[in-house]
Amino acid sequence: MKIESIHVHQALLPVVGGAYRMAQTTVEALDSTLVEIVTDDGRRGWGETCPLGPVYQPHHALGARAALAQIAPALVGTDVDSPRAVARRVDAVLAGHGYAKAAIDTAVLDLLGQHLGVPVSTLLGGALVDRVPSYYSVTVGDPEESARAAATKVAGGYRRVQVKIGGRDLGRDVATVTAVWDAVGHRARLAVDANRAMTAAHALQFDRLTAAIPFSLEQPCNTVEEMESLRGRLYHPVFLDENTEDVGTVLRAIAGGTADGFSFKVTRLGGPSQTAVARDLCALRSLPHTVDDAWGGDVIAAACVHLAATVDPRLLEGTWIAQEWIEGHHDPDHPVVVEDGHIAVPQGPGLGVCPDPDRLTRLAVYGA
Ligand code: 0XW
Ligand code: MG
């Protein structure tokens, strides 16, 4: 199976409800990049990368497309032999830019799955479940509004709620988390995500003021060094999200005891193959983690769910997908959706989703 051409598409994804609010940034529409690899035997494999705007992490849509313009010509005419072999070719023409390479890795897994007649979950280690738990993310808001949203979602089947905080008075964050806890209590597991907005001093104060509420504190501070400075000083377990920019950082955090868990973003780690390595490192130390991405449509959602299905259910915190915040689907025939707080693992060989190119804007074609 040889790569005949690589098509790069764009999908603009306006946020349902107008805005998604986090501590330091609010996004109103997301710019997703889809990669379609066409092989000489007529197969089409898909990948997707959709940074959450340009400041959530050091990724942006134009950067992804520039990286793909560098990579794609070098892949045309080469074999789709294994994800590792393709990754070596990709790494030989561009250093870094794992979030763009992630779309290539996903498309290669899709093609190999189709070729072998197995789902991507099988290529990643084998699905242990046929549906995975999702979690709901309550954006930064006032206490009553946040408590109401959390209670509604828990009543709808979600068993984990992430509450966004930060970028405002500490008292409001304490009040918000307290209100959510009062509303859902032990009916859901809580995560509190400051998306890097706190100083270490604020994180310590917030931690003490909420000591009686069980939750994991996700990425309160900006840098790995600040996060390391919190080690052993918090009541709450601490999760790393934005800092996990590659598997090496995950390894360092595990070895150094910096994190009690992780919120993995599949594209940030370089794709499903690299995230599977992070999954295995976590399994060695019984560390819980999510398997999700920052944003995007059915393709990245399917990739996340396939990988999440291979995680020891005891360690899987859930898979967040952007579906509730997006109008429509790349593949209306096989939409990836949350139902009853869970997401079914897509069926069939490969990813099990195939976008309709008419719903996308073709930006570039490399090869025939
Ligand atoms: C809740 N998420 C998975 C969705 C947004 O992309 C942010 C992210 C997070 O945990 O930071
Ligand atoms: Mg997070």
Side-chain angles (χ1 to χ4, degrees), residues 13 15-17 19-32 48-61 99 102 132-141 146 149-150 153 158 160-167 173 177 180 188-198 203 215-222 224 227 236-245 249-250 253 259-269 275 278 288-297 300-301 303-305 307-308 316-326 336 338 341 343:
L13 308 173
V15 177
V16 168
Y20 184 86
R21 288 185 301 279
M22 295 177 290
Q24 308 190 95
T25 180
T26 296
V27 290
E28 287 162 10
L30 285 308
D31 185 351
S32 192
E48 182 173 16
T49 185
C50 182
L52 185 57
V55 295
Y56 172 65
Q57 53 198 354
H59 305 171
H60 66 133
Y99 70 108
V132 300
S134 186
Y135 65 95
Y136 190 78
S137 177
V138 178
T139 64
V140 176
S146 301
K153 294 299 172 181
Y158 281 96
R160 186 180 194 258
V161 172
Q162 182 202 60
V163 186
K164 299 283 192 198
I165 60 160
D173 285 338
V177 172
V180 171
R189 191 179 301 179
L190 281 190
V192 174
D193 189 0
N195 286 114
R196 299 189 289 163
M198 290 179 157
F215 60 78
S216 50
L217 182 58
E218 183 170 323
Q219 195 70 56
C221 302
N222 189 27
V224 177
M227 294 296 299
H236 295 97
V238 66
F239 278 36
L240 282 190
D241 183 351
E242 286 91 322
N243 285 153
T244 58
E245 292 200 8
T249 313
V250 176
D260 301 295
F262 297 93
S263 187
F264 287 143
K265 303 293 179 279
V266 168
T267 57
R268 182 169 61 224
L269 285 167
T275 312
H289 58 90
T290 71
V291 178
D292 36 48
D293 214 84
W295 210 273
I300 185 60
C304 291
V305 174
L307 181 57
L316 181 65
E317 287 282 312
T319 294
W320 181 91
I321 60 173
Q323 172 250 319
E324 292 203 42
W325 302 87
I326 292 174
V336 182
V338 180
I343 311 166

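Start at 1 and go down the list; that is how both ligands and their atoms are numbered. As the structure is a prediction and not an experimental result, all values here were calculated from the model. Start at 1 with the first residue, then count along the sequence.
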Which protein heavy atom lies closest to [atom], and at what distance to 0.1 Å?
atom: atom 3 (C) of ligand 1; result: Tyr135 OH, 3.4 Å
atom: atom 1 (C) of ligand 1; result: Gln162 OE1, 3.0 Å
atom: atom 6 (O) of ligand 1; result: Ala294 O, 2.5 Å
atom: atom 11 (O) of ligand 1; result: Tyr56 OH, 2.8 Å
atom: atom 4 (C) of ligand 1; result: Tyr20 OH, 3.3 Å

Query raised in the report: Which heavy atom in Ser216 sits nearest to a heavy atom in Arg160, and how many Å separate them?
Result: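 Shortest heavy-atom separation between Ser216 and Arg160 comes out as OG-NH2, 4.2 Å.
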Counting both backbone and side chain atoms, is some N or O of [X] under 3.5 Å from an N or O of ligand 1?
X: Lys164; result: yes
X: Glu218; result: yes
X: Asp241; result: yes
X: Met22; result: no
X: Trp320; result: no
X: Ser137; result: no

Applying a heavy-atom cut-off of 4.0 Å, say which part of [X] lies close to ligand 1: side chain, backbone, both or neither.
X: Tyr136; result: neither
X: Gln219; result: neither
X: Asp193; result: side chain

Query raised in the report: So does Lys265 pair up with Glu242, basic N to acidic O under 4.0 Å?
Result: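 Salt bridge flag = no for Glu242 with Lys265.
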Query raised in the report: Hey, are Asp293 and Arg268 close enough for a salt bridge, meaning a charged N less than 4.0 Å from a carboxylate O?
Result: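 Between Arg268 and Asp293 there is no salt bridge, as every charged N stays at least 4.0 Å from the carboxylate O atoms.
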Report task. May I ask you to check whether His59 and Tyr99 place their ring centers less than 6.0 Å from one another? Result ->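 Between Tyr99 and His59, which both carry aromatic rings, the centre distance is below 6.0 Å.
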Query - Residue among Asp193, Val192, Thr139 satisfying side chain to side chain contact (heavy atoms under 4.5 Å, CB included) with Gln162 - result: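 That would be Asp193.
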Report task. Test Val138 against Lys164 for side-chain contact (heavy atoms from CB on, under 4.5 Å), laying out the working first. Result -> CA-CA 6 Å; Val138 178; Lys164 299 283 192 198; over 6 Å; no
Requested in this report: Take the angle between the ring planes of Tyr158 and Tyr136 and call it parallel below 30°, perpendicular above 60°, tilted in between.
Outcome: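 Aromatic pair Tyr158/Tyr136 classed perpendicular.
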**Report entry** Plane angle bin for Trp295 and Trp325 - parallel if under 30°, tilted between 30 and 60°, otherwise perpendicular
**Finding:**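 Taking Trp295 first and then Trp325, their aromatic rings sit tilted (interplane angle of 30° to 60°).
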Query raised in the report: Who are the ring-ring contact (aromatic ring centres under 6.0 Å, His included) partners of Tyr56, not counting sequence neighbours?
Result: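 So Tyr56 forms no ring-ring contact (aromatic ring centres under 6.0 Å, His included) with any residue.
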Query raised in the report: What residues, two or more places apart in sequence or in another chain, satisfy ring-ring contact (aromatic ring centres under 6.0 Å, His included) together with Phe239?
Result: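 Partners of Phe239 by the ring-ring contact (aromatic ring centres under 6.0 Å, His included) criterion come out as none, since no residue qualifies.
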Report task. Considering the heavy atoms of Leu52, write down every atom of ligand 1 situated less than 4.0 Å from one of them. Result ->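 Answer, ordered by atom number: 5 (C), 6 (O), 7 (C).
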Query raised in the report: Between Ser263 and Gln219, do the side chains contain an N or O donor and an N or O acceptor separated by less than 3.5 Å?
Result: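 Gln219 and Ser263 do not have a side-chain donor-acceptor pair below 3.5 Å.
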Requested in this report: Have a look around the Mg ion (ligand 2) and list protein N/O/S atoms under 2.8 Å, or say none.
Outcome: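 Atoms qualifying: Asp193 OD2, Glu218 OE2, Asp241 OD2.
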Requested in this report: Go through the structure and list residues passing side chain to side chain donor-acceptor pair (under 3.5 Å) with Lys153, not counting sequence neighbours.
Outcome: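 Applying side chain to side chain donor-acceptor pair (under 3.5 Å) to Lys153 gives Glu324.
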Report task. Run the numbers on Tyr20 and Ser137 for side chain to side chain donor-acceptor pair (under 3.5 Å), then give the verdict. Result -> CA-CA 10 Å; Tyr20 184 86; Ser137 177; 2.9 Å; yes
